[in-house]
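Working notes for the structure below.
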Protein chains: 2
Amino acid sequence: MTPRAGGAGPGSRPATIIDVAEAAGVSRQTVTRAMNDMPGIKVATKERVLAAAKELAYRPSRFGRGLVGHTQRTVGLVVDDLMNPYYPQLASAVVSSARDRGWNVILAQTAKAADQYSLIADLAKQADVVIGYPALTDTQAQEVLAGVPFVRIDMGEYTYGGGVEMEVDDAMGDLADHLLERGSQRPVLLDVGLPGFPSARGQSFLTAMADRGVRVPTVTAASKSLSSGVAGGNALLAAHPDVDAIMTFNDIVACGALKALHEAGVDVPGRVRLAGCDGLNLGRFVSPELTTLAVDMNAVAESAVGMALGMYDGEVPLQGVRARVAHHLLVRAST
Amino acid sequence: MTPRAGGAGPGSRPATIIDVAEAAGVSRQTVTRAMNDMPGIKVATKERVLAAAKELAYRPSRFGRGLVGHTQRTVGLVVDDLMNPYYPQLASAVVSSARDRGWNVILAQTAKAADQYSLIADLAKQADVVIGYPALTDTQAQEVLAGVPFVRIDMGEYTYGGGVEMEVDDAMGDLADHLLERGSQRPVLLDVGLPGFPSARGQSFLTAMADRGVRVPTVTAASKSLSSGVAGGNALLAAHPDVDAIMTFNDIVACGALKALHEAGVDVPGRVRLAGCDGLNLGRFVSPELTTLAVDMNAVAESAVGMALGMYDGEVPLQGVRARVAHHLLVRAST
DNA sequence: CTGAAAGCGCTAACAG
DNA sequence: CTGTTAGCGCTTTCAG
């Protein structure tokens with residue numbers, strides 16, 4: 001019945017420090033000293049205590065411990081879906097960054113959750129700070145997080161909490177230069193969203209090209225998925241048969257477009273140059289490897305974790321701080 | 001100085017239930033009732049308490065809570081590296097599975113850790129059960145985990161704790177049939193490891209083919225990485241120019257081999273059929289999409305989480321239990 | 001070197 | 001409906 005995690009049979013309750021103290025014939029403090037490698041304990045006593053602890057399968061309660069020295073810190077990381085290759089790169093970096101600072105990471109995934117509102121509310125109860133991409137409005141986030149320091153990644157128009165922005169404009173300029181230098185004359189943007197409402201990064205490409213005197217038509221895919229990229233690629237080829245370069249919303253869509261190009265027998269980069277965005281590792285698995293606007297995820301994670309921990313320590317205000325991390329052009333074989 | 005997570009200035013300590021009780025002019029118990037939506041409290045009182053709580057940026061301590069009702073449960077998940085596309089699929093499934101049962105997941109990554117021994121020791125202190133792929137011997141695991149229920153995924157020859165096995169033999173037979181039906185006469189295995197020491201799944205392919213009267217030569221790649229797959233693919237083409245089918249150690253190596261085939265101008269599946277193993281989503285991003293021996297990660301996660309939680313509840317022995325999940329042939333375009 | 005006392009923040013159980 | 005009491009398991013004083 002009672003949960004236990006030791007060696008004896010089902011039904012027995014977990015051993016406490018008192019059980020160990022009695023078994024070893026010492027006081028609780030002495031058990032503490034033995035378990036935590038503290039000084040001021042005779043070697044023989046220590047061994048006796050540790051033996052008793054092992055015998056009873058004693059494990060110090062993290063709650064008892066946490067209560068006394070507020071030393072057990074946890075960041076809650078909210079991602080949409082780890083199956084989307086974007087998020088593991090972030091999660092990996094956040095976990096490393098947090099670990100370097102002695103924090104744990106609890107992971108929450110909104111995509112598969114029935115009710116992400118309560119998912120994040122629960123997370124906020126278990127974590128000391130929350131980082132990530134919750135699909136919540138500012139108002140919702142404020143309610144749900146109830147004062148827990150919060151850093152939104154890729155904050156955009158949101159304002160509640162802190163944010164880490166990823167800036168694409170400079171790199172987009174570099175990409176435009178790169179494509180034009182290679183002789184592109186009829187580039188097309190494969191954006192995601194609603195036709196007529198370019199994404200921020202899509203608009204950035206259009207602007208960069210316009211600044212260079214090139215007008216770029218847009219084809220819009222329905223979503224950020226692979227299949228949507230395939231469909232978008234086919235639609236783009238149909239609408240612009242003479243296209244010679246494609247900039248896509250992100251690397252996933254780019255992979256879809258690449259598949260469409262392959263199936264249509266279009267050589268990349270020979271006849272069409274293709275670029276993605278995000279700098280996913282995924283881009284190295286396809287042929288040709290994908291040119292992309294990459295962002296250093298370690299820098300993003302470092303920045304987000306640092307900001308959140310600063311908020312926790314009261315050194316960074318809970319509102320209004322934004323960090324910025326720039327994309328950079330990563331030229332691979334597809335352009 | 002003191003860590004805080006509320007609204008007031010740096011240096012103030014976090015508000016406790018007592019602060020709120022005093023501010024609202026009620027007892028602690030009433031604060032508890034208000035915070036936890038418990039019955040037996042007048043609406044007006046509740047509102048007053050919640051207002052005071054908000055004012056003081058009060059957040060109930062998870063340690064105080066955890067101490068009283070052992071209700072806050074956490075599984076520790078050990079993966080090698082989230083940047084490897086294999087692990088996110090597992091992690092995603094484990095997080096979902098755990099969440100369905102009301103457990104949290106703390107993530108630990110061994111690849112980037114300086115000392116994974118202490119990494120896992122720390123994890124075992126924060127978690128009630130541990131699941132994953134720790135690169136630890138049985139002896140090390142036993143020491144480090146100190147009695148925490150432990151389920152190793154893809155247990156193989158290890159014996160400490162419980163395990164979830166992934167069985168590949170049946171599916172490998174199906175793959176052999178599939179390749180032979182399509183007319184393959186000179187299949188080659190692209191294995192990973194040391195030459196002369198086939199991996200379990202490599203051996204399974206050799207055996208399946210031998211059972212069908214086909215002797216399969218092996219080429220061995222150095223590691224399970226993409227670049228190693230490229231190198232292995234090139235070596236394989238050099239050693240067996242007339243190959244007409246390749247089974248690879250896993251999907252990542254298969255992607256590498258596919259790149260090598262592409263660059264060599266070898267049509268897939270026209271001239272060479274290519275299969276991977278693991279069933280990664282990644283296989284759908286390349287052209288042609290990769291045939292693979294897939295394993296249902298949700299089933300693996302469900303099984304591992306269920307077993308670990310059963311151990312925690314004392315309903316499953318801490319040692320010697322193994323679950324099995326079978327691979328299945330997933331035919332896509334590359335064969 | 002060891003023990004006794006006190007308290008971390010919270011909630012269940014029992015009064016009132 | 002509200003308050004009081006007791007105790008969860010641990011570590012930090014402070015005495016011996």
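Residue numbers start from 1 in every chain, and the chains themselves are labelled A, B, ... in the order their sequence lines are given, proteins ahead of strands. Treat the numbers as computed from the prediction; the structure is a model and nothing was measured.
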Protein and nucleotides 10-13 of chain D: nitrogen or oxygen contacts under 3.5 angstrom:
unit_1 : atom_1 : unit_2 : atom_2 : d
D:dC10 : OP1    : A:Y58  : OH     : 2.6
D:dC10 : OP1    : A:S61  : N      : 2.9
D:dC10 : OP2    : A:I17  : N      : 2.4
D:dC10 : OP2    : A:Y58  : OH     : 3.4
D:dT11 : OP1    : A:N36  : ND2    : 3.0
D:dT11 : OP1    : A:R65  : NE     : 2.7
D:dT11 : OP2    : A:T32  : OG1    : 2.9
D:dT11 : O4     : A:Q29  : OE1    : 3.3
D:dT12 : O4     : A:Q29  : OE1    : 3.1

Nearest-Å distance for atom pair CG/P, residues A:L67 and C:dA6: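 Result: 18 Å.
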
Atom pair distance, as rounded to whole Å: CZ in B:F63 and C1' in C:dG7: 16 Å

D:dT2 phosphate, OP1 or OP2, under 4.0 Å from B:T45 side-chain N/O: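 It does, given that an N or O in the side chain of B:T45 lies less than 4.0 Å from OP1 or OP2 of D:dT2.
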
Shortest non-hydrogen contact between A:A23 and A:A52, atoms and distance: CB-CB, 4.1 Å

Return yes if a side-chain donor-acceptor contact under 3.5 Å exists between [X] and [Y], otherwise no.
X      : Y      : value
B:T159 : B:D138 : yes
B:S118 : B:D115 : yes
B:E143 : B:Y117 : yes
A:S92  : B:Q109 : yes

